[in-house]
Each structure stands twice: as structure tokens, then as C-alpha cells.
Amino acid sequence: MTKVYVTRVLPGYSLKRLKDECKELVVNQAKRSPTATELLNGIKGKDGIISLLTDSITKEVIDASPQLRIIANCATGYDNIDIKYATYKGIMITNTPDVLTCSTAELTWAIILAVARRIPEADRYTRAGKFKGWAPDLLLGTELYNKTLGIIGAGKIGTEVGLKSKGFGMKIVYTDIKKNQILEQTLNAKKLSLTKLVKISDFITIHLPLNSKTYHLLSCKEFNLTKPSAFLINTSRGKVIDESALVEALRLGKIKGAGLDVYENEPKISDVLKKLDNVVLLPHIGSATQSARIKMADLAVENLLAGLKGKIPPNLVNKEVLKNKTPVAEGFSLRKKRCNS
Ligand code: DGY
């Protein structure tokens, strides 16, 4: 029988299902992420955990439960987990891809429009009672038509963002390790190097996972190349951008504006960013629609239960871990590596 820890109350009915199937289910009831100590205590003696992107699943956390078999992250990204160590210990890691593609792509467009048409600034202006009537030069923005949208990372979300550009009549360029047939065939999109993309794009949008290759991918060098009229949008992970380089670029007018849903030291946001009018700041809400969040929770539970029942979870991230497993009648049994002996 299984013991499970869930680091936050999840939406929908997924936790009820989990409760029915587990011997012991502990859910952090606080309306915040567990502290490091709470996390260590919560995971102790558990076979599985459902974590969020706000939980740092370090070596120490992993070691807190010698019987841990699966970490089901309720997010597409899993940069919060020490994946190398978990894999070494034979622990499965799963994520929740696909179900938030549409929500995140929609939010990206909300941000593109917000920065282009200065919507939050216009809202603040109106509420402050400054609107005294139509004026020819009031809050002039940037038209999207015929502009170039540069997509950095043309995976599922990047592709969806590209496809949603159709109604706006934009030119699409992208950068990715792979050629994106969908974008090329449907939108005549061009695959470019990062350098070329940042040079010619009017709107640059980032859709990359965070890893050692993408950390600070956009830094001073790139901001020296951007058009002074360009906007940067990030709904992926904050650390993909060197935030102090971005702040400097915004202050010096090397780039016109930015729309950020994620931050380098989330949830901390630089005071300078907060003071800039040409920046739209959101609190990491890319996947924050009711339907996406319920599907993410359902998928995390599905992955967790599959792993605990000895089946291959539908969204197993570290497939290498299977090499240490021997198939059995109903799935496989786990042969854990002995790390400390
Ligand atoms: C994810 O799933 O990685 C998103 O950042 C959650 O909103």
C-alpha cells in the first residue's frame, strides 16, 4: 500500500481519487508552498509525491524518503527537481505537458497585445481620472499587422503561439533545434539562428524549458542586437533571461518594452522593473485557467498512480530510469540503485 505527499491542495477531484487509492495521503493545507523543513517532513516515509514548480526537490529532499519511487510534478517544466540525482536513485519523474498548451499560448497573446497597445498603462491612466477626452496622441501603441513575431523555442506552446498569429497577419520566424513543419507549412515561417531572430523581430516570445543550455540565453549580447522598437515576452522560465541585462536594455532604450509572466528570482521582482511603464508584469499565470489547472492536477495524479502501481506513467520524463526496472506481469518492478553503499 502506498503513502503519498502532495505539496498543495489541487483543484478538481483529483485528490479525492488519490485518497481512495492510497493508504496514506498527506496534503499540505497551507495556502502557500511548504517551507524547506515542511517539505522534508512531508516527504519522509512516502512512496510518491506530487510537487509543484515552486517546490525545490533537491538531493536532500529526495534522500528524505528512501522508499520514494515517483515525483509527479504538476507542471510542464521540471527544473525545480534535481533530475540527475532522482534518476540516479531510480526515481521516476513525470510532468503534465499538452494540457496547458492552449492556455499558455492564449496568455502569451494577451501579453503581446497588452504591451503593444499599452493596455495596463491605459487602464491605470483611466482609473486615475486622467482621461479628459479623445486625443490624437493619447497612449499610442504599436500595430501588429505585418510585424515579425520571433518565437524562441518552437515546441508545442511556441507552435500554438505561432498558429494563433494568423488573424493578425504577422510574419513568423523561429529558432529551435528542430525544423518546425507545422509553422513552416501553415505560416511560411522561417527557421533562423537566435542572433538573426533577435535582430529582425518586432516581438520576441520565449517558449523554452530551463536547463543548462537555456540559462541566460538572452543576455547583453542579444539586447545589443534587438530593434529599439522591439518587445520581449516571456511566459516560460525567468532564468532564460538575464534579468539585469534586460532591465539595462529597457532603461537604455535598446528594446521598447517587455511582458513578463516569469522572473529570474521568482517570486521576487526587481524594483526597477516594477517602476518601468513599458513593462507588463504578471504573476506566473500562463496555465492559470480553470480547465488547464484541473487537467494538470488530473494528469499529475494519473502519472503518480501509474508509477506507484508499477506501470510506466504516461508522462515519464526520465525514461533512463526504466533501464533499472524489470518488467513484471502487471508492469515492472523497481530495482533501486544502492547509492550509499
Ligand atoms: C509549467 O507547467 O511549467 C508552467 O509554468 C505552469 O504554469
Side-chain angles (χ1 to χ4, degrees), residues 6-12 14 28 31-34 49-58 70-83 86 92-112 114 151-161 164 176 205-215 217-218 232-241 243 258-269 280-304 313-318:
V6 181
T7 64
R8 262 323 256 276
V9 174
L10 301 174
S14 52
N28 167 35
K31 285 200 178 311
R32 53 158 178 78
S33 300
I49 174 173
I50 294 187
S51 53
L52 304 184
L53 59 94
T54 41
D55 305 314
S56 274
I57 310 294
T58 58
I70 178 162
I71 302 165
N73 216 35
C74 190
T76 296
Y78 43 88
D79 48 279
N80 56 308
I81 302 171
D82 187 336
I83 185 160
M92 291 174 275
I93 294 174
T94 61
N95 68 342
T96 59
D98 306 336
V99 293
L100 46 73
T101 301
C102 207
S103 292
T104 309
E106 285 173 7
L107 188 88
T108 304
W109 276 99
I111 301 177
I112 293 174
I151 302 172
I152 301 182
K156 286 182 185 148
I157 298 173
T159 302
E160 192 59 35
V161 169
K164 288 190 188 316
D176 199 279
T205 181
I206 307 176
H207 304 284
L208 289 171
L210 173 67
N211 54 44
S212 54
K213 290 194 187 107
T214 61
Y215 176 79
L217 189 74
L218 270 78
L232 175 68
I233 292 95
N234 190 10
T235 53
S236 63
R237 285 293 182 268
K239 286 185 167 61
V240 174
I241 299 176
E243 208 166 275
L260 307 173
D261 186 39
V262 289
Y263 307 89
E264 178 148 14
N265 299 306
E266 207 169 300
K268 281 192 203 131
I269 302 176
V280 172
L281 304 173
L282 299 180
H284 202 150
I285 52 167
S287 65
T289 59
Q290 287 189 358
S291 61
R293 290 286 165 86
I294 288 174
K295 286 184 206 153
M296 285 164 73
D298 287 348
L299 203 49
V301 168
E302 195 182 325
N303 279 316
L304 182 94
N315 307 106
L316 183 65
V317 164
N318 55 345

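Atoms within each ligand, like the ligands themselves, are counted from 1 in listed order. Residues: numbered from 1 along the sequence shown. All values below were derived from every heavy atom in this structure, side-chain atoms included, with hydrogens, water molecules and symmetry-related copies excluded.
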**Message:** Given Asp55, which partner from the list Asn28, Asn80, Thr7, Asn73 fulfils the side-chain hydrogen bond (donor to acceptor under 3.5 Å, both in side chains) test?
**Reply:** Thr7
**Request:** Would you mind telling me which of Thr94, Asn303, Thr96 makes a side-chain hydrogen bond (donor to acceptor under 3.5 Å, both in side chains) with Asn315?
**Result:** Asn303
For ligand 1, which atoms sit closer than 4.0 Å to a heavy atom of [X]?
X      : answer
Gly77  : 1 (C), 2 (O), 3 (O)
Leu100 : 2 (O)
Arg237 : 1 (C), 3 (O), 4 (C), 5 (O)

**CG-CD1 distance between Asn234 and Ile111, expressed to the nearest 0.5 angstrom** = 8.5 Å
**Message:** Heavy atoms only, cut-off 4.0 Å: how does Thr104 contact ligand 1, side chain, backbone, both, or neither?
**Reply:** neither
**Item:** Check: Thr76 N/O within less than 3.5 Å of ligand 1 N/O
**Value:** yes
**Asked** Is it the case that Thr235 and Thr108 place a side-chain donor and acceptor less than 3.5 Å from each other?
**Response** yes
**Prompt:** Are any of the side-chain nitrogens in Glu160 or Lys156 under 4.0 Å away from the carboxylate oxygens of its partner?
**Reply:** no
**Asked** Considering only the protein, which heavy-atom contact is closest to atom 7 (O) of ligand 1, and what is its distance?
**Response** Ser287 OG, 2.7 Å
